[in-house]
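Beneath this line is the structure, given in structure tokens, with notes to follow.
We count residues from 1, following the sequence as given. From a predicted model like this one, the values you see are computed outputs, not experimental measurements. Side-chain atoms are counted along with the backbone in the values below, which use heavy atoms only and exclude waters and symmetry mates.
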Amino acid sequence: MQFRIAGGDESALRELYECWSGQLFQLAMTIIRSRPLAEEIVEDVFLRIWQQRSRLEQIENLKSYSYILTRNISIDYLRKTSGKRIYNLDEVQLPPLLVEATPEELMISAELLKKINLAINDLPPKCRLIFKLVKMDGLKYRDVALLLNLQLKTVETQMSIALKRLHNAILFQLPAASRQ
């Protein structure tokens with residue numbers, strides 16, 4: 001799709017917007033905590049992608065690039081409006097996440113899905129954000145580390161914590177035969 005955008009295909013940009021705007025909005029909203037500003041930031045991200053379309057062929061991972069662009073624009077806004085405010089992931093108020101079921105996952109009971117969602121929402125803010133970016137948004141650990149200005153080992157550790165907590169939360173919900 002990025003090659004279509006690089007070639008000036010506006011419909012490809014619209015498709016990209018429809019696919020990623022919700023995820024980018026959540027990231028901007030997490031940082032900015034203002035719906036109108038988060039919406040404006042997402043629009044700015046896609047405007048910049050369009051304006052820089054001649055360089056898109058050089059970008060290895062457009063999704064990671066768009067996340068980093070969203071983060072940078074959001075943080076720039078905070079710096080301009082808040083003086084020297086420091087962005088700390090541990091202080092971030094994240095909206096509750098919901099795991100959306102695919103047809104395959106619909107076989108999971110509603111109660112188990114509820115337990116999973118509760119376990120995800122009980123994760124510490126940084127851990128939950130990393131989990132969301134990796135498992136729900138499909139980013140690689142390396143890309144999440146770059147996006148959040150963290151060491152790769154920190155992302156790996158946070159994912160390990162998240163997965164262990166989720167495992168423990170649902171372990172007792174599974175039939176005894178599947179736990180072996």
Side-chain angles (χ1 to χ4, degrees), residues 1-100 120-121 123-159 162:
M1 186 171 309
Q2 77 189 62
F3 296 111
R4 288 176 47 208
I5 295 170
D9 185 347
E10 290 181 31
S11 66
L13 183 68
R14 274 191 296 277
E15 288 176 37
L16 190 69
Y17 181 86
E18 290 172 13
C19 288
W20 293 353
S21 63
Q23 297 165 343
L24 298 178
F25 171 79
Q26 285 184 343
L27 178 61
M29 186 71 176
T30 298
I31 298 168
I32 297 294
R33 296 187 189 120
S34 166
R35 177 176 280 284
L37 292 173
E39 289 170 352
E40 187 175 325
I41 287 167
V42 171
E43 289 173 9
D44 285 349
V45 167
F46 285 97
L47 179 62
R48 287 192 191 181
I49 289 172
W50 182 252
Q51 290 170 336
Q52 298 173 2
R53 65 185 175 275
S54 62
R55 296 186 212 143
L56 287 183
E57 293 176 354
Q58 300 165 1
I59 295 172
E60 185 177 319
N61 186 333
L62 184 59
K63 189 169 193 174
S64 292
Y65 174 79
S66 65
Y67 272 84
I68 291 168
L69 195 54
T70 302
R71 178 206 60 192
N72 290 346
I73 293 171
S74 299
I75 291 173
D76 285 347
Y77 174 82
L78 284 179
R79 283 188 189 128
K80 288 176 188 173
T81 60
S82 304
K84 298 205 178 219
R85 182 174 174 182
I86 296 175
Y87 176 65
N88 183 351
L89 286 176
D90 293 323
E91 296 173 5
V92 168
Q93 295 296 320
L94 295 172
L97 297 176
L98 293 176
V99 175
E100 294 182 19
I120 291 170
N121 289 320
L123 294 173
K126 184 190 312 184
C127 190
R128 185 172 10 146
L129 179 59
I130 291 170
F131 178 83
K132 178 201 174 303
L133 291 171
V134 170
K135 292 298 184 184
M136 297 175 168
D137 294 347
L139 295 181
K140 296 178 182 172
Y141 286 15
R142 169 180 53 86
D143 297 332
V144 172
L146 181 62
L147 173 66
L148 301 177
N149 289 328
L150 299 172
Q151 295 292 320
L152 179 60
K153 189 68 178 166
T154 302
V155 173
E156 292 170 352
T157 301
Q158 291 296 312
M159 281 301 297

Can you give me every donor-acceptor pair (side chain of residues 15-24, partner residue at least two apart or in another chain, under 3.5 Å) with its distance?
from	atom 1	to	atom 2	distance (Å)
E15	OE2	R4	NH2	3.1
S21	OG	Y17	O	2.8
Q23	OE1	Y67	OH	3.4

Quick one: [atom1] on [X] to [atom2] on [Y], what's the gap to the nearest 0.5 Å?
{"X": "L147", "Y": "S64", "atom1": "CG", "atom2": "OG", "answer": "7.5 Å"}
{"X": "I32", "Y": "F25", "atom1": "CD1", "atom2": "CZ", "answer": "11.0 Å"}
{"X": "L133", "Y": "D143", "atom1": "CG", "atom2": "CG", "answer": "10.0 Å"}
{"X": "N149", "Y": "I68", "atom1": "CG", "atom2": "CD1", "answer": "8.5 Å"}
{"X": "L69", "Y": "D44", "atom1": "CG", "atom2": "CG", "answer": "9.0 Å"}
{"X": "L78", "Y": "I31", "atom1": "CG", "atom2": "CD1", "answer": "7.5 Å"}

Only counting residues at least two apart or in another chain, list the ones meeting side chain to side chain contact (heavy atoms under 4.5 Å, CB included) with Q51.
L47, R48

Can you tell which of K63, K132, Q26 makes a side-chain hydrogen bond (donor to acceptor under 3.5 Å, both in side chains) with D137?
K132

Kindly indicate, with the supporting measurements, whether the criterion side-chain contact (heavy atoms from CB on, under 4.5 Å) is fulfilled by V134 and Q158.
CA-CA 11 Å; V134 170; Q158 291 296 312; over 6 Å; no

If we only count heavy atoms from C-beta on, is the [X] to [Y] side-chain gap below 4.5 Å?
{"X": "I49", "Y": "S66", "value": "yes"}
{"X": "F3", "Y": "E57", "value": "yes"}
{"X": "I41", "Y": "T70", "value": "yes"}

For the backbone of W50 and the side chain of R53, can you confirm whether one donor and one acceptor N or O come within less than 3.5 Å of each other?
yes

Closest non-hydrogen atoms of L148 and R71, given as atom of the first, atom of the second and distance, are N-NH1, 3.8 Å

Taking all non-hydrogen atoms of both residues, which atom of I5 and which atom of A12 are closest, and how far apart?
CG1-CB, 3.7 Å

